Amino acid sequence: MSTTATNFPSGIKPGEFSSETIPSSELSQKSVLNILNNKCYNSLQHLKQAHAIILRTDHFQDHYVSGTLVKCYANPHFNNFTLALKVFDNIPRPNVFVCNILLKGSLEHEEPHKALSCYHKMVLLNSRPNMFTYPPLFKACAMTGCVKEGVQFHAHVVKLGLSEDGHIKSAGIQMYASFGLVGEARKMLDEGGGSDVVCWNAMIGGYLKFGEVEAASELFGCMPVKNVRSWNTMISGLARCGMVESARALFNEMGKKDEVSWSAIVDGYIKQGCYKEALAVFHEMQREKVKPRQYILPSLLTVCANLGCLDQGRWIHLYVERNSFHVEAMLGTALVDMYAKCGSLDMAREVFENMEVKEVSTWNAMIGGLSIHGQAEEAIEVFTKMQGESIKPNGITFVGVLNACAHAGMVEKGLAILDSMKEVYGIEPEMEHFGCVVDLFGRAGLIEEAEKFIDSMSMQPNAAIWGALLNACRVHGNVELGEKVGWILLDMEPQNSGRYALLSNIYAKAGRWDDVTRVRKLMKERGIKTIPGSSVIDMKGRVHEFKMGDGSHPQMKEIYLMLERMMEKLRVEGYSPNTSTVMFDIEEEEKETALERHSEKIALAFGLLETEPGTTLRIVKNLRVCEDCHSAFKLVSQIYGRDIIMRDRVRYHHFRNGMCSCKDFW
DNA sequence: TTAGGGTTAG
């Protein structure tokens, strides 16, 4: 074997060895292998030196040595698979071991196509595949969607008499399942005699991936051996199929749970939108001292953001700090989003400023957060700064910026930004951006302009566009147009209860009670149920939820007493209930009572009752806040000297000294 | 003589 310079690894010249190296001619195969296995794991430089030694001694001819050398180069740690391939190409007749190493390496370096071509080479070179060959190959097929090849490889497995190997079987089952060929996967499970628990689990996972719950349950029921992963596969699979309650039942039934079991059930609840349940399980985890895995923390933060649970969100933040978790972009973004949505803009800012790596989504979260708090100038400032740091805004960025302008009544600025989207940033505005613009005009009372804008749009307006216009009609009391738009929307979205409510409110405000009745009758005919208003208040880490006229809270008596006292105080200060938006045509006094029992007022009374004077109250409502509650909250902030931060379905209201940050413009 | 499997994944 020649040892010309061209055969040496780059950067290493023949004869350039470290001082401790023994003269190469004296190195035995065993010592070379020792060097490779013990010294070359961390340093590419060491590996290249060893490589040079190998070339100088004829050990490269030795399959054991060249194989080990390729294995070292293929170590994902070096992130340089090309080198491994290069060395491989210099091996005259590579044996099955080194081929298998490359198959595995192709997957580890996320180049599954290379695994297929490597197998091809193997066949050409007459290197007989063995049981280590097929699992990575099946995986490669699954990753690349190469069905034909996968079936072929399966045939080879059968021909070579390897069908009983558990590793091959489980990989094959997974491959077929990833193709959606659940029947083929099952055939593989049943072929070649017995299977083991890993294969059963893979099959169950495969069934559940395609919603075949019954088949999965049956298999699960008759498995001779089950382990934690079997349970976890069922739980996460059921949750993914939307059967979170069945998942929960299994979760309760299983013996020893691991962190994956807990995470799977939390995740399942989150995916179903059962945020309170997810948080309850998280509390249980804390009680049982189970450490949440880092990956569910962003999901949990999203839950806190949705529910407005600042205390819980803070707890997670502390948890991250205490455990020195690295705050990477996703976790940091989730923290920014949570703080902003829970009304703590200062903290959102702090986390944002301290993040080392920010992604577009991070900037979007900050901009969106400022926007829902009505801080348009700041949102635009962040938007400008983002570009200073060479981050390219995306469509979502513009939703945030345009929303900021809409909420702050900055019409001109908003329109200029819309124009810049395509001209400056090359982003084609989409429906959601047009929706923001309609909102921009509508909130500012420029209803004609909003209509004109809709007419000029290049696409058919969707329900969100009409919805923005309808809301503008409600705020600015434009009954005529509101009526027209309202009926368009009822046609477009007959199932959306909110649309009925809005139209009915518009009629009610105009005193057109016959029309109110007409809308309500239609709703009844179509079987549409209203979403009950509900408000939550987060207190000492516990979430208290109140629904309209709700009597289920254990302290309800005291709360209603407090509510009565509060309303009395308000009346003394000159508050008179704004009954125009109550949906029913009922006697004035009854209307007043209905208003008094709005969930946000109950939550407010509870907050006043339960906290020290001066404490900021944070309330989250699932629908838009009504006008009456809005004015009541303003007065309470003045009379009781409290800051109240309320989030409704769309934006924030900071009440202080009788004023609201939205400037009554929402 | 070297090497290997399935559950969560925003």
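Below, chains carry the letters A, B, ... as their sequence lines are ordered, and counting in each starts from 1. Because the structure is a prediction, the values reported are computed rather than measured.
In this structure, the aromatic ring of A:His167 is not positioned over the six-membered ring of the base of B:dG5 within 5.5 Å between centres and 30° between planes. Ring-base stacking between A:Trp231 and B:dT7 is not satisfied when judged by a centre separation under 5.5 Å and a plane angle under 30°.
Going from atom CG of A:Asn95 over to atom P of B:dT1 covers 13 Å, rounded to whole Å. The interatomic distance linking A:Glu108 (CD) with B:dA3 (C1') rounds to 11 Å, in whole Å. Summarising the geometry, the separation between CG on A:Leu102 and C1' on B:dA3 is reported as 13 Å, rounded to the nearest angstrom. Between the C1' atom of B:dT2 and the NZ atom of A:Lys71 lies a distance of 6 Å, rounded to the nearest Å.
Counting non-hydrogen atoms under 4.0 angstrom, A:Asn100 reaches a base of the nucleic acid. Among the protein residues, A:Asn130 comes within range of the nucleic acid bases, having at least one heavy atom under 4.0 Å from a base atom. Residue contacts shown for A:Ser236 are limited to sugar-phosphate atoms, with no base heavy atom under 4.0 Å away.
The OG atom of A:Ser127 sits 7.5 Å away from the CG atom of A:Asn100 when rounded to the nearest 0.5 Å. Distance OG/A:Ser217 to CD/A:Glu212: 11.0 Å, rounded to 0.5 Å.
Contacts classified as side-chain hydrogen bond (donor to acceptor under 3.5 Å, both in side chains) and involving residues 156-168 of chain A (residues at least two apart or in different chains) are given here: A:Tyr119-A:His156.
For the pair A:Lys104 and B:dG4, the criterion of a side-chain N or O lying under 4.0 Å from OP1 or OP2 is met.
Of the charged side-chain nitrogens involved, at least one lies within less than 4.0 Å of a carboxylate oxygen, so that A:Lys276 and A:Glu545 count as a salt-bridged pair.
At least one cation-pi condition fails for A:Lys114 and A:Phe81: the charged atom is not both under 6.0 angstrom from the six-membered ring centre and inside a 45 degree cone around its axis.
Proximity of residues 357-364 of chain A to DNA chain B (heavy atom under 4.0 angstrom from any strand atom) is not detected for any residue.
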